[in-house]
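Notes follow the structure.
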Protein chains: 2
Amino acid sequence: MTTTTRPGTTAPNPARRGLRATAKVLPEHARAHNRSLVLGHLFHEGPSSRADIARSTGLTRVTVSDLVAALLGEGLVAELGVRAEGRVGKPATLVGLRSADHHVVTVDLTDDETVHGAVMTLDGEVVTRAHEPSAGTTGPEAVDLVEDVCRRLLDATQQPVVGVGISSPGVIDDAGVVLEAPNRGWFDVPLAARLTDALGLPVHVANDANTRALGEYTFGGADPSTMILTVGQGVGAGLLVDGALVRGRGHAAGEIGHVTVVDDQTAGEDALPCACGRTGCLETVLSAPALRRRVAGLDPQDSDAALASVGRMLGRALAPVVSALNLAEVLLSGPPELLDGPLREAALVTVRSRTMPVIGQDLRLRAATLDEDAALAGAAVLVLSGQLGIT
Amino acid sequence: MTTTTRPGTTAPNPARRGLRATAKVLPEHARAHNRSLVLGHLFHEGPSSRADIARSTGLTRVTVSDLVAALLGEGLVAELGVRAEGRVGKPATLVGLRSADHHVVTVDLTDDETVHGAVMTLDGEVVTRAHEPSAGTTGPEAVDLVEDVCRRLLDATQQPVVGVGISSPGVIDDAGVVLEAPNRGWFDVPLAARLTDALGLPVHVANDANTRALGEYTFGGADPSTMILTVGQGVGAGLLVDGALVRGRGHAAGEIGHVTVVDDQTAGEDALPCACGRTGCLETVLSAPALRRRVAGLDPQDSDAALASVGRMLGRALAPVVSALNLAEVLLSGPPELLDGPLREAALVTVRSRTMPVIGQDLRLRAATLDEDAALAGAAVLVLSGQLGIT
DNA sequence: TCACGTTTGTTAGTAGACCTTCCTTACAAA
DNA sequence: TTTGTAAGGAAGGTCTACTAACAAACGTGA
């Protein structure tokens with residue numbers, strides 16, 4: 001195996017678990033937290049002087065110098081020479097995150113037909129891609145397939161790899177155990193642990209709707225209170241509340257695709273049967289295939305009206321959620337020709353008309369910015385967050 | 001002023017802000033966090049030996065002994081003699097939180113006519129109550145009124161007071177600034193800061209629906225993923241997701257009372273005008289006055305049917321929220337004769353029929369356990385959480 | 001031109017917090 | 001009486017971040 005351990009590979013960051021959960025805090029955890037603060041500043045603000053970082057984090061220059069020295073030793077940051085601008089005082093030495101010199105391996109299992117993977121920089125730029133047909137592969141074979149894709153990507157880069165991030169449909173717990181992913185035939189599969197063992201690298205696994213939300217938040221400029229609706233074969237949602245992912249009691253948060261939106265009382269619509277065994281689910285009208293069927297053969301005007309009627313149904317389902325959570329944004333991810341027009345506009349009008357002004361007026365309902373790579377970018381964020389503490 | 005500083009009054013706990021926000025972590029913050037761990041264990045598990053605490057928190061016995069010694073010095077805990085049970089080894093010395101020897105002053109402003117206040121123990125037991133008519137009192141006078149009630153309660157106890165917790169309707173930010181409370185005529189009033197200055201004690205202020213949620217969580221055994229619907233003059237909701245309060249983008253989370261639930265497409269109902277200027281809001285059918293009007297003069301059978309029809313409307317509004325957040329529980333707080341019967345049952349049936357089984361089957365929809373004191377208990381939790389780190 | 005203030009980054013010393021290791025005390029069971 | 005187990009404390013070591021002081025390097029203004 002060519003990719004056991006690599007120089008610069010960082011150890012798991014104890015701060016992430018230690019500081020938010022109800023667990024003890026040791027000096028080393030505090031250190032890791034402050035280290036993450038430095039990395040986070042460099043990630044979001046770009047190259048800065050040690051003094052800049054000290055002002056931003058509240059730590060002293062001495063402590064920042066110490067932390068930066070450690071990061072220089074790890075190779076995660078580099079000195080970039082003195083700042084050009086002429087100000088009074090000693091010129092600042094700029095320090096920058098070596099984003100392009102460290103890679104993250106990401107895999108997206110959203111597509112049933114193909115496993116998509118990539119080598120990415122810490123900035124979320126794709127360096128190399130991999131595609132592997134996977135139709136019909138299930139159970140342990142599907143795990144092996146994911147492992148193969150990871151290995152191929154690891155072999156494709158000479159840079160240190162910080163970790164592996166995997167974005168998968170299904171119900172997945174905090175530890176990266178896939179509790180239930182019917183498409184792959186996975187039930188209680190400890191995917192993260194298994195791949196960590198096999199690859200010798202930290203592996204993080206999360207639900208694809210959630211990773212998309214993370215990706216839009218970190219790389220797409222989404223608000224900390226955002227819901228991202230992904231429209232593909234089905235309809236899923238990732239939910240970010242006050243900057244944190246919502247997991248919910250059975251780790252099944254975001255399963256909004258099977259909320260009833262069409263029923264007897266809704267005039268002019270027939271409740272269609274859904275794959276879940278019930279009828280009138282949001283998915284029966286909003287999934288990409290359903291939308292395509294709905295507009296097939298219609299002239300543009302009728303097509304717009306048909307999309308708007310779906311938008312109104314979506315709006316009726318969104319209104320209570322937007323109200324209860326006081327969301328700032330709802331993002332639509334999926335075919336723009338279907339979503340980013342009359343459907344979106346009708347949904348927004350409906351939400352506004354069904355919520356009080358303070359809730360609906362400031363709401364933004366827009367297309368997602370990252371498109372098909374959002375899940376990969378979000379998988380990278382899993383690694384950035386888990387290994388480096390960058391959010 | 002008789003209540004400047006009292007022995008045993010604890011300083012603000014830096015761990016609460018320092019460890020969750022994106023701020024530096026100093027050794028003293030780690031210490032405060034671990035101290036909270038000890039207090040939290042004693043609060044939830046009752047009297048324990050130092051060794052028990054060490055096992056539960058993961059800290060060493062040495063460290064726990066040190067922390068307990070500090071807490072003994074502060075008077076927050078006391079040694080309760082040796083454990084009775086005969087086990088091998090040296091008998092354990094039990095240490096317990098002195099819940100009854102420390103008080104919390106709480107105020108609930110939910111009721112427009114009367115300010116309700118209480119002196120409570122750390123266990124949430126009410127020691128003394130205070131009631132002050134407040135109809136028509138607004139603006140600065142209303143602030144003075146709250147201050148007076150606090151002073152009276154502080155004078156009524158000889159025990160050290162850990163802090164003051166206030167539960168108020170309106171939009172309130174993390175710092176205890178009342179951004180908007182029309183009933184009291186408060187706009188951008190820094191209530192917490194003002195009372196902290198006036199009383200010389202730490203004061204915490206939060207929205208009443210949110211404090212109710214906290215109260216039900218800490219003292220009522222509610223699940224960490226719970227929504228509590230309060231039905232009174234209006235309809236409000238507090239939302240707890242994964243154990244944390246949801247505040248939302250304008251701190252207006254939980255404003256579910258003005259979601260449209262009755263509209264042209266809903267058969268057999270007329271959309272009533274709402275105080276918010278729109279029609280068909282949840283509040284127009286679910287508020288206590290609306291429910292009373294609805295059942296007035298009906299025989300029991302018709303009354304049940306009328307309540308069930310409101311339950312169905314509630315269920316339609318809840319279904320998307322429950323789905324999106326994968327909530328474990330929805331609690332109803334308000335007149336049980338109206339809520340805890342056909343209304344609740346119909347709402348649950350409706351939510352279940354409109355969500356996928358994995359979401360709806362495990363959902364509990366039940367009456368809140370704390371009733372009228374929930375807001376006071378929640379205000380106490382604000383203090384416990386803010387000053388002692390107990391959640 | 002040159003002293004002065006400003007800003008950066010480093011060195012040295014200090015205080016806090018937790019750990020490991022070892023010890024004493026106290027009890028139950030053989 | 002002996003042995004094993006558990007609780008609690010004392011001593012010493014390590015880690016972390018802070019304060020204080022200082023050197024280097026650069027504008028600024030007399």
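No experiment lies behind these values; they were computed from the predicted model shown. In what follows, every heavy atom counts, from backbone to side chain, and hydrogens, waters and symmetry copies are set aside. Every chain is numbered from 1 and lettered A, B, ... according to where its sequence line falls, protein lines coming before strand lines.
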To the nearest Å, give me how far apart [atom1] ([X]) and [atom2] ([N]) are.
| X | N | atom1 | atom2 | answer |
| --- | --- | --- | --- | --- |
| A:L80 | C:dG9 | CG | C1' | 16 Å |
| B:I53 | D:dA6 | CD1 | P | 18 Å |
| A:R55 | C:dT7 | CZ | C1' | 8 Å |

Contact letters for nucleotides 8-21 of chain D, in which S counts primed atoms plus P, OP1 and OP2 and B counts the base, heavy atoms under 4.0 Å: BSB-----SSBBB-
Taking atom types as modelled, find out whether [X] and [Y] have a side-chain donor-acceptor pair closer than 3.5 angstrom.
| X | Y | answer |
| --- | --- | --- |
| B:S49 | B:D52 | yes |
| A:T121 | A:H102 | no |
| B:H41 | B:S48 | yes |

Salt-bridge present (B:R35, B:E74; N to O < 4.0 Å): yes
salt_bridge(B:R247, B:D174) N-O dist < 4.0 Å: yes
